[in-house]
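When reading the values below, keep in mind they use all heavy atoms of this one structure, side chains included, and skip hydrogens, waters and symmetry mates. Residue numbers start from 1 in every chain, and the chains themselves are labelled A, B, ... in the order their sequence lines are given, proteins ahead of strands. All of these numbers come straight from a predicted model, not from anything done at the bench.
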Amino acid sequence: MKIASWNVNSIKARGDHVLRYLRESESDILMVQELKGLEFPKESIEAAGYHSHIVAQKAYNGVAIMSKTPFDVVQEALEGDASDEQARYLEIKIDDVHYINIYLPNGNPAPGTKYEYKLGWMKRLKHRVSALVESHTPFIIGGDFNVIPEGKDCHDPKTWKDDALFHIQTRKAFRSLLNLGLTDAFRVFNTGDKNYTFWDYQAGAWQKNNGIRIDHFLLSPLMADKLENCVINKEPRGWDKPSDHTPIELTLKLTP
DNA sequence: ATGGTCGTGTGACGA
């Protein structure tokens, strides 16, 4: 079973890319982030053989899950702050496995109110993850975490020191998530540096491979044994008019 | 040292 996650940076601008990616990758599940609007090409995605569900708002944020298999929606928001109206969380369920798609806040500039929101969001996520671990629910979390976990996940750690994506408090919060027993799927197979999922549009970052690894798949304890592979597929970042992110792909063995 | 690039929606702002 293949599951992919991709920040598409506007579904309106990248609808054709998503359809092409579904065709070429033959993913069973695709999680996308940054829809950046309310429109969604549900009909053409259905024609391609996928059920879909979106959590969206005007102009900003927005997440969606596409799946060859029908699914149940578990939650369309992260609990812990009733006043939070940003479209950043979608949790679904297929055969007792929960699939969580997140678009974690960017948080810049740090310090500031946006950074406080990011840290608060990470605390709420930890709370949700704790509940799932304690109830022995098998789950995977995929998405744009806006977290550079370690120095080797960027080209030059010095330039990222004060950024909300690499700030020590951000890395601590990410680490405390992992310490609940989650596995960073990509790092099981590849411990090397220069493996990135995002390259800025500016200053030839893509051409120079000056990127960051901020899109991740985390596996719950019960799912870790089912892990077959996890890779970054750099191809779509090289397409015409690309997203600034590229997909991360997870392969699971779900049959006993 | 500075600006550089996209997307939304048509203003700046977010990333």
Side-chain angles (χ1 to χ4, degrees), chain A residues 5-21 30-42 54-64 77-78 81 83-90 101-122 125 142-149 153-167 169-171 173-174 196-216 232 234-248:
Chain A
S5 171
W6 190 13
N7 178 321
V8 296
N9 187 23
S10 165
I11 190 72
K12 191 168 155 188
R14 230 72 63 194
D16 291 346
H17 283 213
V18 169
L19 287 164
R20 175 177 173 188
Y21 180 72
L30 173 61
M31 305 176 171
V32 295
Q33 304 84 33
E34 274 211 271
L35 301 176
K36 289 184 114 169
L38 295 167
E39 60 179 81
F40 188 80
K42 198 172 177 77
I54 82 169
V55 173
Q57 66 185 88
K58 190 178 170 184
Y60 301 111
N61 311 314
V63 293
L78 183 58
D81 181 359
S83 69
D84 185 0
E85 292 183 338
Q86 300 192 25
R88 298 182 174 277
Y89 187 94
L90 175 58
N101 180 11
I102 67 166
Y103 176 45
L104 204 148
N106 175 298
N108 276 306
T113 54
K114 293 207 173 107
Y115 192 53
E116 291 307 311
Y117 173 66
K118 176 179 196 157
L119 292 176
W121 207 94
M122 293 183 85
L125 180 62
D144 178 356
F145 282 68
N146 272 314
V147 174
I148 301 166
D153 295 313
C154 62
H155 176 254
D156 180 14
K158 284 194 299 293
T159 65
W160 288 94
K161 189 174 68 70
D162 299 319
D163 193 281
L165 280 63
F166 190 61
H167 194 288
Q169 289 187 72
T170 305
R171 284 182 280 149
F174 185 77
Y196 307 132
T197 63
F198 167 93
W199 298 260
D200 201 286
Y201 288 125
Q202 299 182 64
W206 166 246
Q207 289 75 12
K208 292 189 269 195
N209 194 30
N210 178 7
I212 51 180
R213 190 176 74 93
I214 56 173
D215 299 87
H216 310 294
I232 295 165
K234 288 176 76 171
E235 216 186 287
R237 185 60 179 80
W239 290 350
D240 193 40
K241 297 257 179 199
S243 166
D244 40 9
H245 294 248
T246 212
I248 176 170

For A:K241 and A:R14, which heavy atoms make the closest approach, and how far apart are they? O-NH1, 2.8 Å

Do A:Y201 and A:N9 have side-chain N/O donor and acceptor atoms under 3.5 Å apart? yes

Sticking with atom C1', work out how far B:dA15 lies from B:dG4, rounded to a whole angstrom. 14 Å

Looking at every heavy atom in both A:Y115 and A:A164, which two are closest together, and how far apart are they? CD1-CB, 3.6 Å

Same-atom distance (C1') from B:dG11 to B:dG7, integer angstrom: 14 Å

Residue pair A:R88 / A:N61: nearest heavy atoms and the distance that separates them: NH2-OD1, 3.1 Å

Would you call the rings of A:F174 and A:H216 parallel, tilted or perpendicular, taking 30° and 60° as the class edges? tilted

Shortest non-hydrogen contact between A:G37 and A:A56, atoms and distance: O-CB, 3.6 Å

How far does the P atom of B:dT5 sit from the matching atom of B:dT10, given to the nearest Å? 24 Å

Measure the distance from CZ on A:R237 to C1' on B:dT5 and round it to the nearest whole Å. 10 Å

For nucleotides 7-15 of chain B, read 5' to 3', which letter fits each nucleotide if B means a protein heavy atom sits under 4.0 Å from the base, S means only the sugar-phosphate is that close, and - means neither? BSS----BS

In whole Å, measure the gap between the C1' atoms of B:dG9 and B:dG14 for me. 13 Å

